[in-house]
Student: 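So that we are looking at the same thing, I have put the structure below in C-alpha cells.
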Protein chains: 2
Amino acid sequence: MQARAKTTPDPIRSALSSENGIDFAIIELFFFAYRDFTSDPDQILEQYGFGRAHHRVVHFVNRRPGLTVAELLDVLQITKQSLARVLKQLIDTGYIVQVQGLKDRRQRELYPTAKGRELALALATPQSRRIAEAIRNYGPVEREAIEGFLRGMVKPELRVQVDELPGSKSGEGMRR
Amino acid sequence: MQARAKTTPDPIRSALSSENGIDFAIIELFFFAYRDFTSDPDQILEQYGFGRAHHRVVHFVNRRPGLTVAELLDVLQITKQSLARVLKQLIDTGYIVQVQGLKDRRQRELYPTAKGRELALALATPQSRRIAEAIRNYGPVEREAIEGFLRGMVKPELRVQVDELPGSKSGEGMRR
DNA sequence: TAATTTATGTCAACAAGGCTGACATAAATT
DNA sequence: AATTTATGTCAGCCTTGTTGACATAAATTA
C-alpha cells in the first residue's frame, strides 16, 4: 500500500449525522429558513440603496418610537460607530428624526418619519407573508409552540428585549 | 401654530403595531433567535481565527462529504470568489481536502479531514444544546409543527437543499 | 461648587465576507 | 475541431462590524 504524503490529510467519506446527538434537522432548517426570511427584504433594501443594518434600525425605531441611541445599541448589540454610520444615512435621507430628550437633554430620541414608517412596512410585509404561508396549516396550539421555541432560542438574559416591544405577550412592552 | 422648518420631517410617536396585519411577533422572535443561535458558534470560531463563512463551509462539507465546489456554491448561494477565499483557508489549515473527481476530472470533491470533522462537531454542539433547551417542554407534535414552520419558511424551489442532506425526512438525501 | 460620570458624536483604521468583471486552464460535450 | 463547462485566480469595491481615541454637553456625585 502506497504511503500517502503526510501533507495531505485523509478525507473522511462518511457524512456527519445525528448519531452524535446533534439536532442537524433543526440546525439546518433554521439556517435555510433565516436565509430566505432575509432575502425578501434584502431585495427591497437594495432599491433604496440600503442594507440589513438599515433595516434593523428602521424596524426598531418604528416599533419603539422615542427609543434612545443607547437603547438601540443595546437592542442591536452593536457599537455606536457601527450604528452611527447607518443612522446618519437614515437621518440624512429623511427616514428617521432625532429629538433631544426632555428629561435628559443629552439623549437623542429616535422617531420614524412618515417615509420611515412606510419603509418599515414595506420591508415587513413580505416577511409577514412568508410567515403566514409557513404557518398556514397550523392552529393556535402549534403557533404557541413555534413562538415558544423561538423565544426559547433567545438568550434568557436578552429575552427582555422581546418583551419590550409593543404587543409582546410577556411584557406588554410599553415601558417608555 | 408655529410652522415647522420643512427640512425636518415630523416624528411619528405611535408605535408600529400588528394592526396592519404584520406578524411582528414572529418577525422579531425570529431575528433575536437567530442572533443568539449564531452567537454560540461565533465565539468558538473566533478561537480558530475563522468566521461564519468558514462555519458554513465546514458544516456542509461534513454533512455531504464529496460534494463539488459547484454544489457548495449552490447550497450557500454565494459566488465562487467568495467561497474561494474561505475554502482556501480551510484547505491550507487542514480542515478540508480536495479530491479530483473520478467521473469528471474537472470537478473537485470536498471532504472533511478528522480535524475538520472535529471542528464541525464543536460548532454544532452548542447550537444543538440551545435547540434542545428551547424544545425541552414540547413533544413530537409540537416538534413537527416547528420543523414544518421552518421548512415552510424556506423558498419552495430551494427546499431540495434541505432534502439533500442526510437524515432529512423528505428526501433521505443520499443522492450522491 | 468642583469633580466626575454619562450620553452622544466624530475620526480613523481595520476586518470579515459578499459582489462584479475579467481572464485562464483543463476537461467534457457538441 | 469548436464550444461549453468546472474550477481557479486577480482585482477592486461594498457593507457592516470592531477597536481605540478624543470631544462636548449634560447629569450626577462628592
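We name chains A, B, ... by the order of the sequence lines, and we start the count at 1 in each one.
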Student: Applying a 4.0 Å non-hydrogen cut-off, can you work out what B/K103 is touching in the nucleic acid: base, sugar-phosphate, or nothing?
Tutor: sugar-phosphate

Student: CD of A/Q81 versus P of C/dT10: gap in Å, rounded?
Tutor: 11 Å

Student: Now, which nucleotide makes the Watson-Crick or G-U wobble pair with C/dT1, with each of the two distances under 3.5 Å?
Tutor: D/dA30

Student: Output the single nucleotide from D/dT16, D/dG8, D/dA27 whose closest atom is nearest the side chain of A/D104.
Tutor: D/dA27

Student: Which of these nucleotides, C/dA7, C/dC19, D/dA27, is closest to any side-chain atom of B/R85?
Tutor: C/dC19

Student: Quick one, B/Y48 and B/Y95 - any side-chain contact, counting heavy atoms below 4.5 Å?
Tutor: yes

Student: B/T68 side chain: which of C/dG17, D/dT7, C/dG9 is closest?
Tutor: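 Out of C/dG17, D/dT7, C/dG9, the nucleotide with an atom closest to B/T68's side chain is D/dT7.
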
Student: What's the closest nucleotide to the side chain of B/T79 if the choices are C/dT6, C/dG9, C/dT20?
Tutor: C/dT20

Student: Which nucleotide, C/dT8, D/dG17, C/dG17, lies nearest any side-chain atom of B/A53?
Tutor: C/dG17

Student: Provide, to the nearest angstrom, the distance between the CD atom belonging to A/E46 and the C1' atom belonging to C/dC19.
Tutor: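 One finds 10 Å between C1' of C/dC19 and CD of A/E46, rounded.
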
Student: Would you say the side-chain atoms of A/D104 pair up with the backbone N or O of A/R106, donor to acceptor, closer than 3.5 Å?
Tutor: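 Yes: the side chain of A/D104 pairs with the backbone of A/R106.
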
Student: The side chain of B/I78 is closest to which nucleotide in this list: D/dT9, C/dT8, C/dG18?
Tutor: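 Nearest nucleotide to the side chain: C/dG18.
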
Student: Any chance the side chains of A/R108 and A/T68 put a donor and an acceptor closer than 3.5 Å?
Tutor: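 No donor-acceptor contact under 3.5 Å links the two side chains.
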
Student: May I ask you to verify if any side-chain N or O of A/R56 is less than 4.0 angstrom from the OP1 or OP2 atom of D/dG17?
Tutor: yes

Student: In this structure, how many angstroms lie between the C1' atom of D/dT7 and the CD1 atom of B/I91, rounded?
Tutor: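 Value for this atom pair: 11 Å.
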
Student: Does the pair B/R143/B/E147 count as a salt bridge with the N-to-O cut at 4.0 Å?
Tutor: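 Yes, B/R143 and B/E147 are salt-bridged.
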
Student: Rounded to whole Å, please give me the gap between CG in A/L72 and P in C/dT8.
Tutor: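 So the CG-P distance, A/L72 to C/dT8, works out to 10 Å.
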
Student: Under 3.5 Å, is there a donor on one side chain and an acceptor on the other for A/S39 and B/K155?
Tutor: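 Present: a donor and an acceptor within the cut-off.
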
Student: Both distances below 3.5 Å, Watson-Crick or wobble geometry, any strand: find the nucleotide opposite D/dG12.
Tutor: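 Because both required distances fall under 3.5 Å, D/dG12 counts as paired with C/dC19.
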
Student: Across all strands shown, which nucleotide pairs with C/dA28 by Watson-Crick or G-U wobble geometry, both distances under 3.5 Å?
Tutor: D/dT3

Student: In whole angstrom, what separates B/L83's CG from C/dA16's P?
Tutor: 17 Å

Student: A/Q100 has an atom CD; how far is it from atom P of C/dA7, in whole Å?
Tutor: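 Distance check: A/Q100 CD to C/dA7 P gives 15 Å.
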
Student: With distance as the sole criterion, do the side chain of A/R106 and the base of C/dT6 form a donor-acceptor contact below 3.5 Å?
Tutor: yes

Student: Picking from D/dT16, C/dT8, D/dG8, which would you name as closest to the side chain of A/R52?
Tutor: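 In terms of side-chain proximity for A/R52, the closest of D/dT16, C/dT8, D/dG8 is D/dT16.
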
Student: Looking at B/L121, is its backbone amide N or carbonyl O close enough to the side chain of B/T125 to form a donor-acceptor pair, meaning the two atoms are under 3.5 Å apart?
Tutor: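 Such a contact is found between B/T125 side chain and B/L121 backbone.
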
Student: What is the distance, to the nearest angstrom, from the CG atom on B/L73 to the C1' atom on C/dT20?
Tutor: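 The answer, rounded to whole Å, is 15 Å.
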
Student: If only side-chain N and O atoms of B/Q98 are considered, is one of them under 4.0 Å from the OP1 or OP2 phosphate oxygen of D/dG8?
Tutor: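 Yes.
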
Student: Quick one: B/Q89 CD to C/dA15 P, roughly how many Å, whole number?
Tutor: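 Nearest whole value for this atom pair: 13 Å.
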
Student: When we call it a touch if two heavy atoms are under 4.0 Å apart, what does A/H55 touch: a base, just sugar-phosphate, or nothing?
Tutor: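 If one applies the 4.0 Å heavy-atom cut-off, A/H55 turns out to touch nothing in the nucleic acid.
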
Student: In terms of the nearest nucleotide of DNA chain D, which residue is placed more toward the 5' end: A/H54 or B/L87?
Tutor: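 It is B/L87, whose closest nucleotide lies nearer the 5' terminus.
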
